[in-house]
Structure formats: structure tokens, C-alpha cells
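Before any comments, here is the structure.
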Amino acid sequence: MTATLKQASGPQYTRILAYGAARGEHAVPNDDLIGPIDSSDEWIRQRTGIVTRVRADKETDAVDLAAIAGAEAIEKSGIPASDIDLVIVATISNPRQSPSVSAIVADRVGANPAAAYDMNAACAGYAYAIAQADALIRSGAAHYALVIGAEKLSDVVDPTDRSISFLLGDGAGAAVVGPSETPGIAPAVWGSDGSKSEVVAMNGTLTQFRDGEVPWPTLRQEGPAVFRWAVWEMAKVAREALDVAGIEASDLAAFIPHQANMRIIDEFAKQLKLPETTVIARDIETTGNTSAASIPLASHRLMAEHPELSGGLALQIGFGAGLVFAAQVVVLP
């Protein structure tokens, strides 16, 4: 007789219960960065929409930012930290290769011994992690998940790099995901195009740095190529995410794209033909581009400034390094 394995099953639906956030301690205006790139405040504002970006103290790392954001999200959710049995941190900023940021954060927020892992999908990381949390809870593998996007990008900035140095900031955004009686997270439309991986990438490896072959690796990008890809290809992904969610752009209460560049955000809105009633997240103006942290940070600020959006539909889309992308529609907490 062959034994039959048991297989877990969970709730039919999930939703985001609350957001949390942590931003770098310092607001860095454009004027502080223009010297090394021979630029101006006006040039940066026109090209990116950024007025200031937040950057963290030298002593603050991505783990610290993630723990602060995660603790706020748990407190606002009303779920005991001990009930969080899954922690996913999306980051490219782990100050050490191991241990994972997520395991340390799980312990700091009181969720020990939750399952915990980090994931690297760069600017799409948070959207990837939300999709995974949704699937794992619905499968019965977890009950409540803490999802965090956390970055300290100021550690990987070359202040003389005119393509990206003025864009990047530090911060962490978090969300608690749990079961729901009604649909709260639509299927993700996600993917990648590794054939163009060098368009946004680190300019060296740690082993090359160790061997003295390259200076400290930093992020760099081919700006025009990224802009074209984001505007044209990601608009298609966004429309597909609306289709799989079974809604129209006119149903959206909010649009929360990765905060890469204000010009990209504005062009997105035109491509999607968003109605004037849709609130568009523009956190980049004072936070900068925080990669995996940008969508949850923008969501946190949006809900603080527009509490009337609670219960409304939001389209979120992340895209970036490695040309990895993910989009889904969610119900705002």
C-alpha cells in the first residue's frame, strides 16, 4: 500500500492589510550633487522631476530600514507579529552576501521563526514579492506575510556618473499580506529580457574588485534605452495587467509605478489614458529612485495623503535592472 501525502490548501483570496515605510535620514537637494556631474538643478528637474532625494547615514543599512518599515506595517495591520510566518525582502542592497536581510528582519520585528528569504528582481522586486506572498498564502504554505522592498543605493553610487548618480535614494517600504473574503491581489504579469541585461547593471563584480581589476562596483545605466523600454514596452505590460484583472483603466483609483523618472510616469499615464480621477504616485520628487523600495514607499505616502483611496483599485508596476518587470492590480488597504 502506498502512503498518500497530505497537501496544504489556503484561503481563496488575499489582500494587502497595511503599509509601513522608512526613509533615509537626509534630504539631499540637487545642488549637492551637480558639481561632480557638471550639471544644474534645472537640468535634473527637467529630466527626472527630482527636487531632493533621501539618503541614509553611513551607519544605517538596508537591514535597519527594512526592520523599521516592517514593524510599522505590522503595527498598522493589527496582526500580531508572532502570526507573521513568512518574510520576503526584495533588495539588491544586502550589506553582506549572507545571512539574508529577511531572516534578521523577521527576528527584529518579532516574527521569528517565520520562513524568510531575500529576492533580487531589482526595481520589480516588490511586485514580484507581492505575487509570491499571494500565491504562498493561497496555497496554505503561509498565513500572513510581511513583504518589504529595501534599498541603500547610496552605497553603490558613483557621484561622477551622469547617467544615474543623481537619481538614487535610500529607503524601505513594507506591506502585510493576509487572507481576504474577496479578491485583493490580481494575477501578476511578469517576466524579463535578459538579452538587454547590461542596459541597467552593476559595472563590475565583487571578485573583480577583490582582485583589483575594477574599482568599487556601482550602478550604471543607458538612460535613453531604459526610457524607451520603460515607456513603450512596460505600457503594454500595464495594459495586460488590467486585462488579467478584468478591469479598465477608468476603474483605477490609483496608479503606482516604479518611481524611476517623472517623465516616464507622465508618459505612462498618457499611454494608459488614465482618467483625471486616478491619483498618480509621484514620490520620486522628494524621495528619488529607491529601486525595490519605490512602489511600497510611494504606496505608503499615497495612502497617508489620500486616505479616501482605501478600498480602491491600484495598478502597480515595477521594472528595472536586468530588464525584469512585474505588474498587478491590488486593492488598497
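Note that the numbering runs from 1 along the sequence shown for the chain.
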What about W190 and L136, same hydrophobic cluster or not, with Ile/Leu/Val/Met/Phe/Trp/Tyr joined at side-chain heavy-atom distances under 4.5 Å? yes
Any chance the side chains of H258 and Q316 put a donor and an acceptor closer than 3.5 Å? no
L272 to A235 - nearest heavy-atom pair and separation: CD2-O, 4.0 Å
Please lay out, stage by stage, how Y19 and R301 fare under the test side chain to side chain contact (heavy atoms under 4.5 Å, CB included). CA-CA 9 Å; Y19 292 117; R301 173 164 284 169; over 6 Å; no
Counting C-beta onward and ignoring hydrogens, is there a side-chain heavy-atom pair between I317 and M234 closer than 4.5 Å? yes
To check you understand the geometry: which heavy-atom pair defines the closest contact between S77 and A18, and what is its length? N-CB, 3.5 Å
In sequence, state the C-alpha distance, the side-chain angles, and the governing distance for T48 and N261, and then conclude on side chain to side chain donor-acceptor pair (under 3.5 Å). CA-CA 5 Å; T48 71; N261 181 308; 5.8 Å; no
Measuring from atom OG of S291 to atom CG of L167, what distance do you get when rounded to the nearest 0.5 angstrom? 11.5 Å
First locate atom CH2 of W229, then atom CG of L323, and finally report the distance between them rounded to the nearest 0.5 Å. 4.5 Å
Verify same cluster id: L297, V63 (apolar side-chain graph, 4.5 Å): no
Determine, stepwise, if the pair I84 / V176 fulfils side chain to side chain contact (heavy atoms under 4.5 Å, CB included). CA-CA 9 Å; I84 303 289; V176 172; 4.1 Å; yes
For the hydrophobic clusters of this structure (ILVMFWY residues joined by side-chain heavy atoms under 4.5 Å, transitively), does one cluster hold both V147 and Y13? no
Is it true that, when you exclude Q208 itself, more than 12 heavy atoms of the residues, nucleotides or ligands shown sit nearer than 6.0 Å to its CD? yes
Is it true that D118 and S102 share a donor-acceptor pair across their side chains at a distance under 3.5 Å? yes
State the CG-CG distance between N203 and D161, to the nearest 0.5 angstrom. 8.0 Å
Spacing of I247 atom CD1 and L315 atom CG [to the nearest 0.5 Å]: 7.0 Å
Report yes if the side chains of N30 and R53 come closer than 4.5 Å at any heavy-atom pair, otherwise no. yes
Quick check: do R15 and T182 have side-chain heavy atoms less than 4.5 Å from each other? no
Indicate whether any N or O donor in one side chain lies under 3.5 Å from an N or O acceptor in the other, for R138 and S9. no
Using modelled atom types only, decide if a donor and an acceptor are shared between the side chain of D57 and the backbone of E59 within a distance under 3.5 Å. no
Shortest non-hydrogen separation from P257 to A281 and the atoms involved: CD-O, 4.3 Å
Report yes if some heavy atom in the side chain of P217 is under 4.5 Å from a heavy atom in the side chain of F209; otherwise report no. yes
Tell me whether R282 is salt-bridged to D266, with the criterion being a basic N under 4.0 Å from an acidic carboxylate O. yes
V329, V331: one ILVMFWY side-chain cluster at the under-4.5 Å cut-off? yes
Short N-O contact, E240 and K236, less than 4.0 angstrom: no
Any carboxylate oxygen within less than 4.0 angstrom of a Lys/Arg side-chain nitrogen, looking at D283 and R23? yes
What I want to find out is whether D41 reaches R45 closely enough, with some N-O distance under 4.0 Å, to be called a salt bridge. yes
Indicate whether any N or O donor in one side chain lies under 3.5 Å from an N or O acceptor in the other, for Q328 and Y128. no
Taking all heavy atoms of A293 and all of A172, pick out the closest pair and write down the distance. CB-CA, 3.9 Å
Heavy-atom closest pair, residues W216 and D155: NE1-O, 2.9 Å
For a side chain to side chain contact (heavy atoms under 4.5 Å, CB included) check, start with the C-alpha distance between V231 and F268, then their side-chain angles and the critical distance, and finish with the verdict. CA-CA 6 Å; V231 168; F268 252 139; over 6 Å; no
Look up atom OG1 in T290 and atom CG in L65, then write down how far apart they are to the nearest 0.5 Å. 10.0 Å
Any donor and acceptor pair, going by atom type alone, linking the side chain of D211 with main-chain N or O of E213 inside 3.5 Å? no
Taking D38 for its side chain and T160 for its backbone only, find out whether a donor-acceptor pair lies under 3.5 Å. no
Closest non-hydrogen atom pair between V87 and A114, with its separation: CG2-CB, 4.2 Å
Residue pair K152, D64: steps toward the salt bridge (Lys or Arg N to Asp or Glu O under 4.0 Å) verdict: CA-CA 10 Å; K152 190 184 180 188; D64 300 320; over 6 Å; no
Indicate whether any N or O donor in one side chain lies under 3.5 Å from an N or O acceptor in the other, for Q221 and S163. no
So, T91 side chain and A150 main chain: donor-acceptor pair closer than 3.5 Å or not? yes
Distance col, row S93:OG vs D170:CG, nearest 0.5 angstrom, shows 7.5 Å
Check the pair V157 / T218 against side chain to side chain contact (heavy atoms under 4.5 Å, CB included), numbers first and verdict last. CA-CA 5 Å; V157 168; T218 57; 5.9 Å; no
Taking atom types as modelled and ignoring hydrogens, do the side chains of D83 and H143 form a donor-acceptor contact shorter than 3.5 angstrom? no
Pair S165-D158, side-chain donor/acceptor within less than 3.5 Å: no
If you draw a 6.0 Å radius around CD in E181, do more than 12 non-hydrogen atoms from other residues or ligands fall strictly inside? no
Backbone of Y144 reached by a side-chain donor or acceptor of D85 within 3.5 Å: yes
Do E233 and F319 have side-chain heavy atoms sitting under 4.5 Å apart? no
Under the side chain to side chain contact (heavy atoms under 4.5 Å, CB included) test, which residues partner E222, sequence neighbours left out? V199, R220, A225
Mind checking what makes side chain to side chain donor-acceptor pair (under 3.5 Å) contact with Q12, not counting sequence neighbours? none
Compare all side-chain heavy atoms of L17 with those of P333 and state whether any distance is below 4.5 angstrom. no
Please answer: with hydrophobic residues joined when any side-chain heavy atoms are less than 4.5 Å apart, are V189 and I295 in the same cluster? no
Hey, does the side chain of R55 reach the backbone of L168 with a donor-acceptor pair shorter than 3.5 angstrom? yes
Any non-hydrogen side-chain atom of Q259 less than 4.5 Å from a side-chain atom of I265? yes
Is E308 atom CD crowded by more than 12 heavy atoms from other residues, nucleotides or ligands, each under 6.0 Å away? yes
Does R263 qualify as a cation-pi partner of F227, given the criterion of NZ or CZ under 6.0 Å from the six-membered ring centre and within 45 degrees of its axis? yes
Residues which pass side chain to side chain donor-acceptor pair (under 3.5 Å) with T14, listed by chain and number, not counting sequence neighbours: D134
Under a 4.5 Å cut-off applied to non-hydrogen side-chain atoms, are L332 and I256 in contact? yes
